[in-house]
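In what follows, every chain begins at residue 1, and chains take the letters A, B, ... in the order their sequences are listed.
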Protein chains: 2
Amino acid sequence: MAIIRNTIAKKAVFEIIQSNSTAMSQTEIFAKVNNICDRVTVYRILERLVKEVKIHKIVNINGVINYAPCNSCEHEQQVHHDHLHFSCTTCKKLTCISDNHIELNIPSNYQVAEVFLTVSGICPSCSTIL
Amino acid sequence: MAIIRNTIAKKAVFEIIQSNSTAMSQTEIFAKVNNICDRVTVYRILERLVKEVKIHKIVNINGVINYAPCNSCEHEQQVHHDHLHFSCTTCKKLTCISDNHIELNIPSNYQVAEVFLTVSGICPSCSTIL
DNA sequence: TACAATTATGCAACATTGTTGCGTTTATAA
DNA sequence: TTATAAACGCAACAATGTTGCATAATTGTA
Ligand SMILES: [Mn+2]
Ligand SMILES: [Mn+2]
Ligand SMILES: [Zn+2]
Ligand SMILES: [Zn+2]
């Protein structure tokens, strides 16, 4: 049950996430929300958006959770967001990279649920020599 | 410069990490250290061991940093610990799985440094039906 | 062996990220 | 319009990690 309501703050948070080209942390999102709501509310909204499969969580290589819109996520399965993420060591931006089917080579006695693949390095804009 | 000393606490921490079959967080390591040193010291020892390429860091899927011995790490390159990690959703244990060469399919304008690949699911011991 | 130089430690304080409880407000649908 | 469940604000808490600084320990050298 539990009907999820579409509140002003929720719309704002989703709009912020969707209009950004890279993933964002709760801290970054809250900074953009312009005190429309409490920081705890942002956390709770993010939870709901994840549950609705409108956004997905990505743990960055420093351990901070980031959020990005679910554009290429398979809504049916509700669990597989198994695309690649790129974490730029220069600008610190975390980018979703779709279309990256990987072949895993895990011992068969391990039951795989989700795949988390993040690559660090230098992103195109940071590697451009001016 | 900066000669790294081999202190009692450092030996103890390394021994704990090496004798454990799975990766451990600072919290778990400190719990085993039996008050031989302060918790801050454990953090600083872990830093040093990482610098020496004796252990490597793994960010678990919940964002907590774990540490495991560098058995299959390439000490020459000092950066590539690109083996797979398995995070069991049942027992919460994080295991290093060697021998997992993966083919990435990243746009060529991204400069890759490190690959972080963690798979969640159920580990062999948790999936054994008794 | 004693000393000096420098690394390592303890402790307290702080920072960041995330969570929980609870009373109040608000959205939604009947 | 009103009842009800969902969402919210606020305060407090928890977990994890960091920093500054005075003190202690290790190690090479005299
Ligand atoms: Mn993504
Ligand atoms: Mn490992
Ligand atoms: Zn960049
Ligand atoms: Zn398990």
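- Listed for the A:T41 side chain is no donor-acceptor partner under 3.5 Å among the backbone atoms of A:C37.
- A heavy atom lying under 4.0 Å from DNA chain C marks the following residues of residues 27-49 of chain A, by number: A:T27, A:R39, A:V40, A:Y43, A:R44.
- Listed nucleotides: D:dG17, C:dG18, D:dT4. Nearest to the side chain of B:I65: D:dG17.
- Contact check, A:T7 against D:dC8: a side-chain N or O comes under 4.0 Å of OP1 or OP2.
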* Would you sort out whether B:I4 and B:K10 count as a side-chain contact (heavy atoms from CB on, under 4.5 Å), showing the intermediate values? => CA-CA 10 Å; B:I4 295 179; B:K10 191 185 158 200; 3.4 Å; yes
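- Counting to the nearest Å, the P atom of C:dT16 and the CD atom of A:Q26 are 13 Å from each other.
- Here C:dT28 presents its C1' atom at 6 Å from CZ of A:R5, a figure rounded to the nearest Å.
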Tabulate atom names and distances for all N/O pairs under 3.5 angstrom spanning the protein and nucleotides 28-30 of chain D.
none

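- Residue B:M24 contributes atom CE, which lies 14 Å from atom P of D:dG17 at whole-angstrom precision.
- Put simply, the side chain of A:D38 gets close to the backbone of A:V40: a donor and an acceptor are under 3.5 Å apart.
- Each of A:V64, A:L94, A:I65 was evaluated against A:S25; a single residue qualifies, A:V64, per the side-chain contact (heavy atoms from CB on, under 4.5 Å) test.
- Although no hydrogens or angles enter the test, the distance criterion places a donor-acceptor pair under 3.5 Å between the side chain of A:S120 and the main chain of B:E114.
- The separation between A:N60 atom CG and C:dT16 atom P is 17 Å, rounded to whole Å.
- Counting only distance, with no hydrogens or angles, the side chain of A:T89 and the backbone of A:G121 share a donor-acceptor pair below 3.5 Å.
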* To do: Applying side-chain contact (heavy atoms from CB on, under 4.5 Å), run through B:Y110 and A:I97 and close with a yes or a no.
  => CA-CA 11 Å; B:Y110 285 90; A:I97 296 182; 3.9 Å; yes
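- Taken from CG in A:L117 to CZ in B:F116, the straight-line distance is 10.5 Å, to the nearest 0.5 Å.
- Summarising the geometry, the separation between CG on A:N62 and C1' on D:dA15 is reported as 16 Å, rounded to the nearest angstrom.
- For the residue pair B:S87/B:N60, the side-chain donor-acceptor check at 3.5 Å is satisfied.
- At whole-Å resolution of the value, NZ in B:K10 and P in C:dT9 are 9 Å apart.
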